[in-house]
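Here is the structure we will look at.
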Amino acid sequence: MSRENGADAGEGAGGGVPEPEQLALIRDSVRKAKVPRAKPRTWRGAALAKELPVARVLVDKGVLHLDRYFDYAVPEELDEVARPGVRVRVRFGAGSRNVREGRREGGGLIDGFIVERRAESEYTGPLAALAQVVSPEPVLDPGLLELARAVADRYAGSLADVLQLAIPPRHGRAESRAASAPPAPPAAPDPGTWRRYGHGADFVGALASGGSPRAVWTALPGPQWAEEIARAVQATLASGRGALVVVPTGRPAARVDAALTALLGEGQQALLTADAGQERRYREWLSVRRGAVRAVVGTRAAMFAPVRDLGLVVIWDDGDPNHSDDHAPFPHVREVLELRAARDKCGFLLGSWSCTVEAAQLVETGWAAPLVADREQVRGAAPLVRTVGDGDLARDEAARAARLPTLAWKVVREGLKHGPVLVQVPRRGYVPRLACERCREPARCRRCAGPLEAQEGGAALRCGWCGVAEAEWHCGSCGGFRLRAQVVGAKRTAEELGRAFPAVPVRTSGREQVLDTVPGAPALVVSTPGAEPVAEGGYAAALLLDGWAMLGRPDLRAGEDALRRWMAASSLVRPQGAGGTVVVVAEPTLRPVQALVRWDPVGHAVRELSERAELGFPPVSRMAAVSGPPEALAGFLAGAELPPDAVVLGPVPVRDAGPGPARRPGAAPVGEQWERVLIRVPPGSGAALAAALKTAQAARMARGAKGAREGGTEAVRIRVDPLDIG
DNA sequence: AGCACGCCGACT
DNA sequence: GTCGGCGTGCTC
């Protein structure tokens, strides 16, 4: 919600709706340059700019040109507006070179950004002229360019791809309306509820006095987190610097936004979320870039927001998969904000009710300090957590009849006397993982420790990573030889739960319809993870069903993820002192379950981390997934010069090459079987791996049509730090 | 991706 | 001797 220019000055002198592009140009006094977008004038014979007549341009064309710049001549008439950072259109293609007499200029018009103005070019051929300066707004400043390049390098992607994520599409009207007057900084804040944390007040104080502390913050359960983030932002603003907050979805964004408004008043911050329209998105973004707004709250695209004098970056709930962008090169908010904190030497705050292994690693390496409350504070804020394991269920006659454990039934009934009760039900579609029937140890490959999977219709097992078949599996931990796969039956259980309490209203919140809040009156609130409404005054109790389905996913993160979702739900429950109780239906001996009972997410993450280190898993080692049609993948691997310490696992057929947002035109036709390899390198070789992958992809694309005959000119898909490693 | 340039076979 | 096939490489 950035402030808008109150008076709608200067709009449309002639009435009607002028071409947006023209508006900007006219305003900046480019005479006679009535430059229609469809047909810019040709500049043949036109005089060139007297100073710095060369514009170095980043051509916005995906992978093809890679990260090279191209030089163009700057016509004198564009001299004023053709400044570094502006959007331009240029002719690009073989035809444009042919400037011989009489011939038309060929080559398509494509978009780009001026990166630099120079006195001369190293290019020896004749330079084509810039076709058009789309707008005088310098959207790509040097800081953003550097950040985008760092992200591109880190993720083996192209600069143009990253810029597409970082700079929203232009909207002419927004350009004329975005605010540009900076507000006065607020006063230094009171640390408020930050006092509940050991070094909380110090952290806020450091920000307010211009410092750049870095912290991994384990938030106490309850609703105060949004206000705490707002106070950290306020402190940063008070120091005269800007702040950026990235949250997983629109709901928490609205919470932080509201908390900021309550603290600072209207108009101090911009809200950058995906669901805003193009015009609004660009307008808010521009207000940030112009320095009119110093604080930004948003979802993942906001991680690139060009905040002036950045003093603090914040990520909330870094384990939420929404923090991973789904466009190439798939950057993750946490990693990008780490890059920004390091480059801009600004503060860094990673907050969550839970703790990812990556967050634990930031603390372990000393990059960030832990920001935690002591045990007493935790006990005072957290609900009581009780478990129902298989043993309990087996002994529980009533449970088998009612499909609901006696303990759960009792807790729900008691809770409903005092307020709403939350029931968390896993979503359908969770693929269960194979585990030892006796001790629940996940079944892993003997060669590479990847997850074993049952093949369709067959009894044979196969590794999900390296594809090696496992004929005679037995449990490495207890010697058992029987496997089990957990099946989900949760929704039905929830329905029956409603029937068990007929007098109570049942409300549901899920993918189709997400409830934001529910009143404090007794009700059963059935929700899938991530969609839990906030209850006024907190839930009296919560029931976490089918823990097995959550823990049983064939994913390295299954345990961490289950714990994160349980803690997120449990954080909406009243403290134990106020009667808040949580029942989790899962084996009490399992590590994530114990971590929930003890409310110790950090301990869980630290143990996970050391185990990952032992097994050579991310994030201790770096991994990349490369997928594509089998021939393309094979060609890619044959041409890639991977670092010597790289280990290639696979290829294995990949199930989900089907339709989806990740598919692009020109990719494999639907139904074609894709393959995937995982490549892992030890700590320290991550950059080398990314560089090698990028080079190999570049070489492959440059070969272009020639390669088509020898097995696919198709690009393979590269994903550094894949989220879903089995 | 386009698009032009060039080397080779077929045709007036 | 010239037209045009498509194979190859470049795009400021």
Side-chain angles (χ1 to χ4, degrees), chain A residues 38-49 51-79 82-134 140 145 157-161 163-164 328 628-629 632 635-636 639 663-669 695-717:
Chain A
K39 206 170 144 199
R41 62 162 288 193
T42 57
W43 297 94
R44 179 154 351 103
L48 297 184
E51 275 174 51
L52 306 179
V54 174
R56 185 147 280 186
V57 171
L58 174 82
V59 173
D60 186 14
K61 215 183 173 206
V63 173
L64 279 179
H65 53 79
L66 298 155
D67 291 349
R68 288 171 49 209
Y69 297 133
F70 292 89
D71 289 344
Y72 285 83
V74 180
E76 190 170 24
E77 284 174 78
L78 296 182
D79 186 23
R83 285 171 305 186
V86 300
R87 293 179 211 259
V88 291
R89 286 166 72 74
V90 293
R91 296 196 180 279
F92 189 83
S96 59
R97 183 169 23 117
N98 188 0
V99 214
R100 269 183 282 154
E101 23 119 22
R103 294 259 209 115
R104 268 264 219 69
E105 299 216 334
L109 274 174
I110 59 176
D111 296 316
F113 301 93
I114 295 183
V115 160
E116 191 189 353
R117 286 283 297 268
R118 332 183 83 220
E120 48 197 52
S121 172
E122 282 126 41
Y123 184 65
T124 47
L127 295 186
L130 295 173
Q132 183 187 359
V133 172
V134 175
L140 177 59
L145 178 61
S158 77
L159 189 54
D161 277 348
L163 287 178
Q164 208 141 36
F636 174 87
R663 288 185 61 79
R664 297 188 168 190
T695 307
Q697 176 84 299
R700 194 164 174 73
M701 297 287 68
R703 270 208 308 280
K706 174 170 41 174
R709 219 141 322 123
E710 323 143 9
T713 176
E714 278 164 297
V716 294
R717 202 170 103 173

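Just so we're on the same page: letters track the sequence lines, and every chain starts at 1. Source: prediction; values computed, not measured.
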(message) Tell me the interatomic distance from A/Tyr123, atom OH, to C/dC10, atom P, rounded to whole angstroms.
(response) 10 Å

(request) Please round to the nearest 0.5 Å and tell me the distance separating atom CZ of A/Arg56 and atom CZ of A/Arg68. (result) 10.5 Å

(request) Kindly confirm whether the side-chain ring of A/Phe70 is stacked on the base of C/dC12, judged by centres under 5.5 Å and planes under 30°. (result) no

(request) Let me know the distance between CG of A/Asp71 and P of C/dT11, rounded to the nearest Å. (result) 12 Å

(request) Take the protein atom CG of A/Leu48 and the nucleotide atom C1' of C/dC12, then report the distance between them rounded to whole Å. (result) 14 Å

(request) Measure from CZ on A/Phe92 to C1' on B/dA1 and round the result to the nearest Å. (result) 10 Å

(request) Would you confirm whether A/Glu76, through its side chain, and A/Ala46, through its main-chain N or O, come within 3.5 Å as a donor-acceptor pair? (result) no

(request) Provide, to the nearest angstrom, the distance between the CD1 atom belonging to A/Ile110 and the P atom belonging to C/dC10. (result) 18 Å

(message) Quick check for you: to the nearest 0.5 Å, what is the distance between A/Leu163 atom CG and A/Asp111 atom CG?
(response) 12.0 Å

(request) Could you state the atom-to-atom distance from CZ of A/Arg91 to P of C/dC10 in whole Å? (result) 22 Å

(request) Taking all heavy atoms of A/Arg91 and all of A/Tyr72, pick out the closest pair and write down the distance. (result) O-OH, 2.8 Å

(request) Provide, to the nearest angstrom, the distance between the OH atom belonging to A/Tyr69 and the C1' atom belonging to C/dT11. (result) 18 Å

(request) Whole angstrom is fine here: how far is it from CG in A/Leu109 over to P in C/dC12? (result) 12 Å

